[in-house]
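Taking it in order: structure first as structure tokens, then the write-up.
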Amino acid sequence: MMPDAMPMTMPDPEHAHARRVWLEREHEHLVQANQLLADWKRRVLDQMIIVEDLRAKGYDTALAEALLETMQRTLEEGRRHQQLILEALTLSR
């Protein structure tokens with residue numbers, strides 16, 4: 001007598017579709033995050049130049065430096081967000 005075979009289960013097409021939609025959305029978020037990070041890097045560098053220019057001309061740089069620090073924190077938060085997206089995509093494989 002042959003042992004009873006385990007019934008084969010068919011993949012749930014709705015689940016597969018939802019997974020594809022989620023992956024596509026996360027990839028779009030990653031592209032957007034990469035673009036925003038590139039923009040913020042440029043802005044931070046521009047602000048660094050402004051601070052140095054103000055300093056070289058003898059102006060008070062306190063506000064410009066405070067803005068630079070805020071911009072750098074924003075950039076770092078963007079990098080963390082990018083990393084979360086990458087981790088989610090890696091775990092979904």
What heavy-atom pair brings W22 and S92 nearest, and what distance separates the two atoms?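 Nearest heavy atoms, W22 then S92: CZ3-CB, 3.5 Å.
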
Specify the closest pair of heavy atoms between L54 and A64, including all atoms of both residues, with the distance to one decimal.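 In terms of heavy atoms, the two residues are closest at CD1-CB, 3.8 Å.
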
Taking atom [atom1] of [X] and atom [atom2] of [Y], what is their separation to the nearest 0.5 Å?
X	Y	atom1	atom2	value
H81	L30	NE2	CG	9.5 Å
L68	I49	CG	CD1	11.0 Å
E28	E26	CD	CD	9.5 Å
L45	I50	CG	CD1	11.0 Å
Q72	L67	CD	CG	10.0 Å
R55	D60	CZ	CG	10.5 Å

Test item: [X] and [Y] side chains (from C-beta on) under 4.5 Å apart, heavy atoms:
X	Y	answer
R73	E77	no
E69	Q47	no
Q35	D39	no
L86	Q83	yes

Transitively linked via ILVMFWY side-chain contacts under 4.5 Å: L36 with L75?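 Looking at the clustering, L75 is in a separate group from L36.
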
Report whether L23 and I85 are members of the same hydrophobic cluster (ILVMFWY, side-chain heavy atoms less than 4.5 Å apart, transitive linking).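 In one cluster with L23: I85, yes.
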
E24 and R20: CA distance, side-chain angles, deciding distance, salt bridge (charged side-chain N to carboxylate O under 4.0 Å, His left out) verdict: CA-CA 6 Å; E24 288 172 10; R20 259 191 323 276; 5.4 Å; no

Check whether more than 12 heavy atoms from other residues, nucleotides or ligands sit under 6.0 Å from atom [atom1] of [X], and answer yes or no.
X	atom1	answer
M71	CE	yes
E87	CD	yes
L63	CG	no

R43 to W40 six-membered ring, cation-pi geometry met (6.0 Å, 45°): yes

